[in-house]
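A short write-up of the structure that comes next.
Residue numbers begin at 1 in each chain, while the letters A, B, ... track the order of the sequences. Hydrogens, waters and symmetry mates are skipped; everything else that's a heavy atom, side chains included, is used.
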There are 2 protein chains.
Amino acid sequence: MTSEGAEGAEGLGPEGVEPGTVRPGGRTARVREAVLRAAGDALVEHGFDGLDLADVARRAEVGKTTVYRRWSAPAGLVADLLTDMAEQSLPRTDTGSLEEDLRANARLVVRTLTDPRQGALFVAVIAAAACDPRTAEALHRFYAVRIGEWSGCVEAAVERGDLPAGTDPGEVIAAVSAPLYYRLLASGAPLDEGAADRAAAAAVAAARAGVFVR
Amino acid sequence: MTSEGAEGAEGLGPEGVEPGTVRPGGRTARVREAVLRAAGDALVEHGFDGLDLADVARRAEVGKTTVYRRWSAPAGLVADLLTDMAEQSLPRTDTGSLEEDLRANARLVVRTLTDPRQGALFVAVIAAAACDPRTAEALHRFYAVRIGEWSGCVEAAVERGDLPAGTDPGEVIAAVSAPLYYRLLASGAPLDEGAADRAAAAAVAAARAGVFVR
DNA sequence: CCATAAACGGTTCTGTGGTTCCGTTAAGGT
DNA sequence: ACCTTAACGGAACCACAGAACCGTTTATGG
């Protein structure tokens, strides 16, 4: 600390830069990975409101100071977890039939949401997003990625004249997921294969009717 | 309390009965009302994770001991708030046209969810439900009531042959709300009148196609 | 109208979630 | 290979959410 000219030193900004941004390699990356995995486990077990950062630190075998310093609040940790989840994408099916593709998508969503681990994780993550704007932002990005991944099969359907020209692919994909999430979060109606197939069929019917034409 | 034969007295169960159940009149009812109102305000302002029971007590001008005793955890308070919300229902429209009715419903939902107070309240309440099973239960009951209230117009449409026989009214109503809640909670897509009208149109198209026939 | 105890409410106490401090380890530039 | 300092980690510390205690108010049955 001998020759700093402008900002940075002490007392000027509340914090210089986010920790983990200047030296993101080696140890830092390893810590992040371990903490995010531990956070996922903790969320599955205790839900969002039961998320204890000290517990996460213990699971990750990391000092709790580190967790508090890098992610401050529970919501921040979940937000980071979400950006991580958005990166690891699963490949979509492409059968050449819109019904089939959307049904496959719907069933995948149901399988995910009813899976003991994944389902609990999604519920917790959505709870977190409903509590914190920055986490909500991260969640929106996550779904934008997921919707983008599956838009292809709708675009193909439009291409081959199976759907009206100008149909918004994202709207169609979202229309498939929406009823399933509504069951999960709001109505509590059962999430089974029948629900999945109905969701897909409803989206197809609406799309064919031109409801999603921009 | 002179001649109770079996349970009740002391030391048997951890707590005899829930406070507020034996003498629900007068003061108790007044307190409940004030606390629920205050809880609503607090939820709107700070969200579910920022819900502080002491703060609620202060707003309601009630001892914080009372709040802790009667509702124990924040989630319990929200659950009670939800049963209260389920009771005050708004009347639905009945224009005689399925499209019109569903569009009115969709627009009402959008108006509710985008209203600064109501919207925040719903988000907070859903967050609470995503954190606690008993609150989730209360939320499911709430939506069962709301869906039941609007089922009439679908039943009428079936009656007059506007929809296939055997169409499940609840499914149709849920199909209207689902995309709107999906936007609110998951995708973050804008919640405007266009979205409402599309949601209603999609539900109608799917229902006409017989997707919701039991 | 009175007696009983249900429910309320102020105060005090405590466990713990989160912060601060400071020494140690190891990225990353030269 | 070496030096600077970003980032980690243990320990002591603190504020406050939530429980426990006990006296006061007031529903409710007779």
Side-chain angles (χ1 to χ4, degrees), chain A residues 1-4 8-11 13-36 38-39 42 46-78 80 131-132, chain B residues 1-4 8-10 13-36 38-39 42 46-77 80 131-132:
Chain A
M1 293 233 183
T2 38
S3 61
E4 80 283 348
E10 50 172 3
E15 77 286 343
V17 284
E18 298 292 299
T21 51
V22 180
R23 284 182 186 176
R27 179 170 61 168
T28 300
R30 221 153 41 235
V31 165
R32 186 175 114 103
E33 202 177 344
V35 169
L36 291 188
H46 306 304
F48 173 64
D49 63 338
L51 188 62
D52 176 14
L53 293 231
D55 175 51
V56 171
R58 215 172 306 122
R59 288 168 190 256
E61 296 181 315
V62 154
K64 76 167 179 169
T65 314
T66 301
V67 178
Y68 280 110
R69 180 170 34 230
R70 282 189 62 182
W71 292 278
S72 58
L77 183 52
V78 177
D80 198 16
C131 289
D132 175 74
Chain B
M1 288 250 180
T2 38
S3 61
E4 81 282 347
E10 50 169 2
E15 78 283 346
V17 284
E18 298 291 301
T21 52
V22 180
R23 285 182 186 176
R27 179 171 61 169
T28 300
R30 220 154 40 237
V31 164
R32 185 175 114 104
E33 203 177 343
V35 169
L36 290 188
H46 307 305
F48 172 65
D49 63 337
L51 188 61
D52 176 15
L53 294 231
D55 175 50
V56 171
R58 214 173 305 124
R59 288 167 189 257
E61 295 179 317
V62 152
K64 76 169 181 170
T65 313
T66 301
V67 179
Y68 280 111
R69 182 171 30 233
R70 281 189 63 182
W71 292 279
S72 62
L77 182 53
D80 197 17
C131 287
D132 174 73

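Remark on DNA chain D: of its neighbouring residues A:T28 and B:T28, the 5'-side contact belongs to A:T28, judged by nearest-heavy-atom nucleotide.
For B:F48 against A:D49, the heavy-atom pair with the smallest separation is CE2-CB, 4.4 Å. The two residues B:V56 and B:A39 have their closest heavy-atom pair at CG1-N, 4.0 Å. Of all non-hydrogen atoms in B:L51 and B:A42, the two that sit nearest each other are CD1-CB, 3.7 Å.
A:D55 CG to A:K64 NZ: the interatomic distance, rounded to the nearest 0.5 Å, is 11.5 Å. The distance from the OG1 atom of B:T21 to the CZ atom of B:R70 is 9.0 Å, given to the nearest 0.5 Å. How far OH of A:Y68 is from CG of A:L53: 4.5 Å, rounded to the nearest 0.5 Å. Atoms CG and CH2, on B:L36 and B:W71 in that order, are 6.0 Å from each other to the nearest 0.5 Å.
The rotation axes computed at either terminus of the helix from C:dC1-D:dG30 to C:dT30-D:dA1 lie 60° apart, taking five pairs at each end and rounding to 10 degrees.
When the P atom of D:dC8 is taken as reference, atom CD of A:E18 falls 12 Å away, rounded to whole Å. Rounded to a whole Å, the CG atom of B:D49 is 11 Å from the P atom of C:dG18. When rounded to the nearest whole Å, the span between CG of B:D52 and C1' of D:dA15 equals 13 Å. Atom P of nucleotide D:dG18 and atom CG of B:L77 are separated by 12 Å, given to the nearest angstrom. Distance, A:R23 CZ to D:dC3 C1': 10 Å, rounded to whole Å. Atom pair A:R70:CZ and C:dT19:C1' shows a separation of 18 Å (rounding to whole Å applied). Between A:R27 atom CZ and D:dC8 atom P there is a gap of 6 Å when expressed in whole angstrom units. Atom CG in B:D55 sits about 13 Å away from atom P in D:dC16, given to the nearest Å.
B:T28 places no side-chain N or O within 3.5 Å of a backbone atom of B:G20 that could act as its donor or acceptor partner.
For B:D80, the salt bridge (charged side-chain N to carboxylate O under 4.0 Å, His left out) criterion is met by B:R32, not counting sequence neighbours.
At a threshold of 4.0 angstrom between heavy atoms, the contacts of B:R30 are confined to the sugar-phosphate backbone, with no base atom among them.
Across residues 56-69 of chain B, B:V62, B:G63, B:T65, B:T66, B:R69 each have a non-hydrogen atom less than 4.0 Å from an atom of DNA chain C (numbered order).
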